[in-house]
Amino acid sequence: MRKILNFGSLNADYVYTVNHMVRGGETTASLGMTIFPGGKGLNQSIALARAGLPVYHAGLIGEDGDFLLDTLRADGVDTQFVGKIPGRGGHTIIQVDKNAQNAILLFGGSNRAITPAYADEVLSHFSSGDLLLLQNEISALPHILDKAHDIGMEVWLNPSPMDEGVFACDLTKVSGFFLNEIEGAELTGSGDPEIILTRMAEKFPNAAVVLTLGEHGAWYAKDGMRVFCPAEKAEAVDTTAAGDTFTGYFLRGMLDGLAPEKALQLAAKAAAITVSRPGAAPSIPNYEELNASRV
Ligand code: RIB
């Protein structure tokens, strides 16, 4: 059976509720603070696991990160490839305003201590046909992509947060992209979804593209085929991890052999539940909840 590996970040999210996002030079009191397990990597592993897929997570926590490991284990994620190193782990400071929008300040910590040698050791346990999911919150990303491609793994990349680390990668080795409009614009030079899809197909003709547009729905494109799915209606309180949820549930649908339209619908339904609850990983629904939910 093909294995699923998610090589990604693990963060402690310090989430502050605010009336408005703090501006440069301003000091403002928050309305409350909660610490949640998060990180795009951890969130996507939790989403895969709650979608019912067996998943291995690889990454590094710091001395303060035991609760992140506990979070993964509680959902049945295989953590044999998660290491612990001295010093601080990854963390974020997240402001969530009254409109459920967020602003995230990221400190990489242990996520930036991943070396090519560490990655090689992890990847030596995987083989051709296995699936690798990546985001851009860890070090050694170009090496991991190259190595996984050499092995023959199918690599799906969520190039978030978008920065120069993504452009250091040979993106022709990616089998599938999970993009939002910002990432799509960075990769193609246009913020227009239509143009993003056209230019992605020109640049990466063999790759699938999932383009999420928040409340404006999502697209899937591959081999000249395009499928659109509207967003599910939701009472949003915190949009953190909505994209991560979408990723995990889309992969569940795809690996189940669903038509892309159905996989998008499944993912949209799960993401709508996530935005209706606070926090990152804790807000991600499990598969049974989707059936019970009316969103
Ligand atoms: O995608 C949401 C995640 O991004 C948060 O959990 C935070 O840790 C940041 O990495």
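Model, not experiment: these values are computed from the prediction. Both backbone and side-chain heavy atoms feed into the values below; hydrogens, waters and symmetry mates do not. Order of appearance sets the numbers: ligands from 1, and atoms from 1 within every ligand.
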- Note on the structure: For D244, the ligand 1 atoms with a heavy-atom partner under 4.0 Å come out as 1 (O), 2 (C)

- Task: List every atom of ligand 1 that sits less than 4.0 Å from any heavy atom of G39, numbering the atoms from 1 in the order shown and giving each element.
- Result: 5 (C), 6 (O), 7 (C), 8 (O), 10 (O)

- Note on the structure: among protein heavy atoms, the one nearest atom 3 (C) of ligand 1 is N43 ND2, 3.6 Å

- Query: Is the ring centre of F250 less than 6.0 Å from the ring centre of Y220?
  - Reply: yes

- In this structure, atom 5 (C) of ligand 1 is nearest to the protein heavy atom D13 OD2, 3.3 Å

- So which bit of L42 gets within less than 4.0 Å of ligand 1, heavy atoms only: side chain, backbone, both or neither? neither

- Query: Does a side-chain N-to-carboxylate-O contact under 4.0 Å join K84 and D66?
  - Reply: yes

- H20 to E26 - nearest heavy-atom pair and separation: NE2-OE2, 2.9 Å

- N/O to N/O below 3.5 Å, does that happen between T240 and ligand 1? no

- Message: In this structure, is the centre-to-centre distance between the rings of F177 and F204 below 6.0 Å?
- Response: yes

- Give the atoms of ligand 1, by number and element, whose distance to some non-hydrogen atom of N11 is under 4.0 Å. 8 (O), 10 (O)

- Message: Check whether Y287 forms a cation-pi arrangement with R50 (NZ or CZ under 6.0 Å from the six-membered ring centre, at most 45° off the ring normal).
- Response: no

- Query: Are the charged groups of R226 and E194 less than 4.0 angstrom apart, N to O?
  - Reply: yes

- Item | Interfacing atoms of ligand 1 (cut-off 4.0 Å, heavy-atom, A280) | 6 (O)

- Message: Does any N or O of ligand 1 fall below 3.5 Å from an N or O anywhere on G38, backbone included?
- Response: no

- H125/F81 aromatic ring centres below 6.0 Å: yes

- Contacting atoms of ligand 1, where contact means under 4.0 angstrom from a heavy atom of E137: 4 (O), 9 (C), 10 (O)

- protein heavy-atom neighbour closest to atom 4 (O) of ligand 1 works out as K40 NZ, 3.1 Å

- Query: Looking at ligand 1, does G243 have a heavy atom less than 4.0 Å from it?
  - Reply: no

- Message: Against the six-membered ring of Y56, is K3 placed for a cation-pi contact (under 6.0 Å from the centre, within 45° of the normal)?
- Response: yes

